[in-house]
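All figures in this text were calculated on a predicted structure; none of them were measured in a lab. Quick note on labels: first sequence line is chain A, next is B, and so on, each numbered from 1.
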There are 2 protein chains.
Amino acid sequence: MGAQDGRRVTSVDVAKRAGVSQSAVSRAFSRTASIAPATREKILRAAAELDYRPNRIPAIMLSGRSGMVGVVVGGLSNPFYASALEHLVCSLRDQGLQVLLVHVDDALTLDSALEQLLGYRIDAVVTALAIGSEVVAQALGTLRIPVICFNSRLTGPWISTVSSNNRAAGVTAAHLLRERGVACPAWLAGPLRNAASVARGEGFREGLGALAAGLVSLQGDDTYESGYEAVSTMLARGVRPDGMFCSNDMMACGAIDALRDRAGLCCPRDVVLLGYDNIPQGAWRAYDLTTFDQGVERLVGAACALLAEALADGAEPVSQSLVIGAELLERGSTGPV
Amino acid sequence: MGAQDGRRVTSVDVAKRAGVSQSAVSRAFSRTASIAPATREKILRAAAELDYRPNRIPAIMLSGRSGMVGVVVGGLSNPFYASALEHLVCSLRDQGLQVLLVHVDDALTLDSALEQLLGYRIDAVVTALAIGSEVVAQALGTLRIPVICFNSRLTGPWISTVSSNNRAAGVTAAHLLRERGVACPAWLAGPLRNAASVARGEGFREGLGALAAGLVSLQGDDTYESGYEAVSTMLARGVRPDGMFCSNDMMACGAIDALRDRAGLCCPRDVVLLGYDNIPQGAWRAYDLTTFDQGVERLVGAACALLAEALADGAEPVSQSLVIGAELLERGSTGPV
DNA sequence: CTTTTGATTGCATAGCTATGCAATCCAGTC
DNA sequence: GACTGGATTGCATAGCTATGCAATCAAAAG
């Protein structure tokens, strides 16, 4: 076995043992290089005996490419983001890219975290942050590497975005409520800095048409608790909507629970309610939540395609925006299908 | 600004502009090195003008340490793991360690994924996999780097584990049910390969004492659906327990929904029920689930402490096992406190 | 047998920073 | 003014692999 002394096993060690040059070892582990099958086998055998593993670090120095992508997440407590991350990690691995993960609470953390990551010469950044300040855009722009954002309205020469068709979904939600005969609609918004939420609200208002005049607007922050709170407060003030669109599923679940707990209201009997994201919990029997499925696979697939394009040799700074249609997924909370 | 031609800005470029040597630039960015304040400032200014960022890659080659930790996850759809990951990423960053994330479906993926990661010279591996085969242990053992496992019974010269006090919690759960006067207890187990689940079951059985004779044993796979299914099947067979311990919260939620849907049974009125993990959804009003809080912060903190120790200079291969006590968190599903 | 061709292999080098060591410089001391 | 000591700086090098180029070799063609 290798590591007789403390030193790591290098390609030179393998070369010695196999009786070839160091370059031959390198070629034995390369898919493209030209090498005789017999030689390769001999080398691989020697490598196995020494427990040698090719070291990618020098290759990074030479090529300037690390094969690593910085992935910036916040709020993994939302199962939608957790799922998106899971898919993303798998897709990137299939492209031969590794994920350098960063968790971010605020813009400050982001700055220092990116600074750190850049030291590792990451090839790109993918972010699912629901953050969209100019400051962030600027920070991301100066990296001079491709940046892919989910559901963001950031723009810049290196920044591409993949978004759900938030506005159209909002319209669809409104139409569904009108079909169900809703007279007094409500809208439970996410935080203002969340561009996706804003777009959903705009679409919803637009789709409501005349009904928009009496729209009840509630403010949440994308968490279950905020949905529960907002609806509780509303009910306490005596407001009783009969239809409700929630900017995400977490808040929708909170809303359903508040409606039941605080006023004995049921979905869909008393309130026709729907959310957004299609988190697993929405399908749980206690909620049976109608929602919009963003199609995580398509979303992530699109992001990876953009990434591959942006990382192609000799590519210019790319800036694209893809919109992926979200699909209405009708369940019990909006009534029998 | 930098990057006049395609080349990246290097410390040599900064040195030229600041009129110093390359080593001075290196020292300006080092916390420990000796350098005159005026010189450092001059260099930092030049660096800022050129948009220079220190490159960690050569340092990795020299030191053999990358400052990256491979984190292996599976099943991020369980919010408990998502939360653990979030905490872990933050704690590691506070230690100056980066996270190279891998998602694993099966043992096969694990092997190839680890092979990949090793090329990046990761300093250690942290895994929250509920996988514990000998094969995996062997694979992890040959890496010759510290490995930290959560809730696993893997052992080996390089492997340390941090576990929740699963067995004791099982006993506590049993005692709680007996206090509540449960006559016919049930146990909803996770997959057999999940060592934590097995330990919880053993403790539960032990704590039940005489009651263990009539124990109803159900088999799930840690998902909501499996909990729902298992309980539905049980009810269909006419079995009606009045107390239930579920190996995790996801299954517990499924069990609660099945009890209500399929037999109109409520917790705690008809069934005294508790889970494990303290996922956010357990606190949702629809479930109000009594559970064991593993203390993610403490768990992750302990793991990071072990890691720091294992990565200390000149450390021998460490193999420790820490057990963190889980705390019973009583909510409505086991009756009024 | 000679020449040509293609395949395989080895040599030498680039890539960028951290650090030991030696050189230099400055201030303080006698 | 000479000397000591400490602080600062520069020089030179190690660290490991991928790859262009030249050399070599074997086989096929003439």
Side-chain angles (χ1 to χ4, degrees), chain A residues 2-3 5-44 46-47 50-67 96 116 118-122 313, chain B residues 2-3 5-44 46-47 50-67 96 116 118-121 123 313:
Chain A
D5 47 10
R7 247 184 55 263
R8 277 234 179 68
V9 182
T10 74
S11 57
V12 176
D13 299 325
V14 177
K16 268 191 201 135
R17 175 174 261 257
V20 296
S21 72
Q22 178 271 324
S23 5
V25 177
S26 172
R27 283 191 256 263
F29 281 93
S30 154
R31 194 161 296 277
T32 59
S34 137
I35 186 167
T39 312
R40 161 173 276 151
E41 196 163 331
K42 185 173 57 178
I43 292 174
L44 291 183
L50 292 175
D51 210 18
Y52 167 75
R53 297 169 206 282
N55 185 352
R56 290 214 50 179
I57 302 295
I60 296 175
M61 280 189 60
L62 288 178
S63 69
R65 294 207 160 188
S66 65
Q116 293 257 323
L118 285 172
Y120 286 93
R121 289 294 181 257
I122 52 172
D313 289 332
Chain B
D5 46 9
R7 247 184 56 262
R8 278 237 177 67
V9 182
T10 73
S11 57
V12 177
D13 300 324
V14 177
K16 269 192 200 132
R17 175 175 262 257
V20 296
S21 73
Q22 178 270 326
S23 5
V25 177
S26 172
R27 284 191 255 262
F29 282 93
S30 153
R31 194 160 294 279
T32 58
S34 136
I35 187 168
T39 312
R40 160 172 277 151
E41 197 164 328
K42 185 172 57 176
I43 292 173
L44 291 183
L50 292 175
D51 210 19
Y52 166 76
R53 295 169 207 282
N55 185 352
R56 289 213 51 178
I57 303 296
I60 297 175
M61 280 189 60
L62 288 177
S63 68
R65 293 209 160 185
S66 64
Q116 293 258 324
L118 286 172
Y120 286 93
R121 290 295 182 258
D123 296 336
D313 289 332

Within residues 10-21 of chain B: residues closer than 4.0 Å to DNA chain C (heavy atoms):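 Going residue by residue through residues 10-21 of chain B, the ones with a heavy atom under 4.0 Å of DNA chain C turn out to be B:T10, B:S11.
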Stretch residues 30-40 of chain B: residues that reach within less than 4.0 Å of DNA chain C through a heavy atom: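 Correct list: empty, so none.
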Could you list the residues that satisfy side chain to side chain donor-acceptor pair (under 3.5 Å) with [X], not counting sequence neighbours?
X	value
B:R40	none
A:R17	A:E49
A:S34	none
A:S63	none

Rounded to the nearest 0.5 Å, what separates atom OH in A:Y52 from atom CG in A:L44?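 Between A:Y52 OH and A:L44 CG, I get 11.0 Å after rounding to 0.5 Å.
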Look up atom CD1 in A:I122 and atom CD in A:Q116, then write down how far apart they are to the nearest 0.5 Å.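 If we round to the nearest 0.5 Å, A:I122:CD1 and A:Q116:CD are 11.0 Å apart.
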N/O donor-acceptor pair under 3.5 Å between B:Y120 side chain and B:S66 backbone: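 It does not hold such a pair.
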Show the atom names and distances, to 0.1 Å, of all donor-acceptor pairs under 3.5 Å that link a side chain in residues 22-29 of chain A to residues at least two apart or in another chain.
from, atom 1, to, atom 2, distance (Å)
A:Q22, NE2, A:S11, OG, 3.4
A:S23, OG, A:S21, OG, 3.2

Boundaries of the DNA chain C segment in contact with chain A, non-hydrogen, under 4.0 Å: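 Listed 5' to 3', the contact boundaries are C:dT8 to C:dC16.
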Counting only heavy atoms and a strict 4.0 angstrom limit, can you tell me which residues of residues 52-64 of chain A come near DNA chain D?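 Those residues are A:Y52, A:N55, A:P58, A:A59, A:L62.
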Is the number of heavy atoms from other residues, nucleotides or ligands under 6.0 Å of A:K16 NZ greater than 12?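 Atom NZ in A:K16 is not crowded, with 12 or fewer foreign heavy atoms closer than 6.0 Å.
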Return the minimal non-hydrogen interatomic distance between B:R121 and A:R53, and the atom names on each side.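 Of all heavy-atom pairs spanning B:R121 and A:R53, the closest is NH2-O, 3.5 Å.
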The helix from C:dC1-D:dG30 to C:dC30-D:dG1: angle between its terminal axes, five pairs each, to 10°?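 It comes to 40° between the two terminal axes.
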Of the options A:I60, A:N55, A:L62, which is the one that meets A:P58 in a side chain to side chain contact (heavy atoms under 4.5 Å, CB included)?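 Option passing the side chain to side chain contact (heavy atoms under 4.5 Å, CB included) with A:P58: A:N55.
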For B:D13, check side chain to side chain contact (heavy atoms under 4.5 Å, CB included) against everything at least two apart and list the hits.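 Residues passing side chain to side chain contact (heavy atoms under 4.5 Å, CB included) with B:D13: B:R7, B:V9, B:T10, B:L50.
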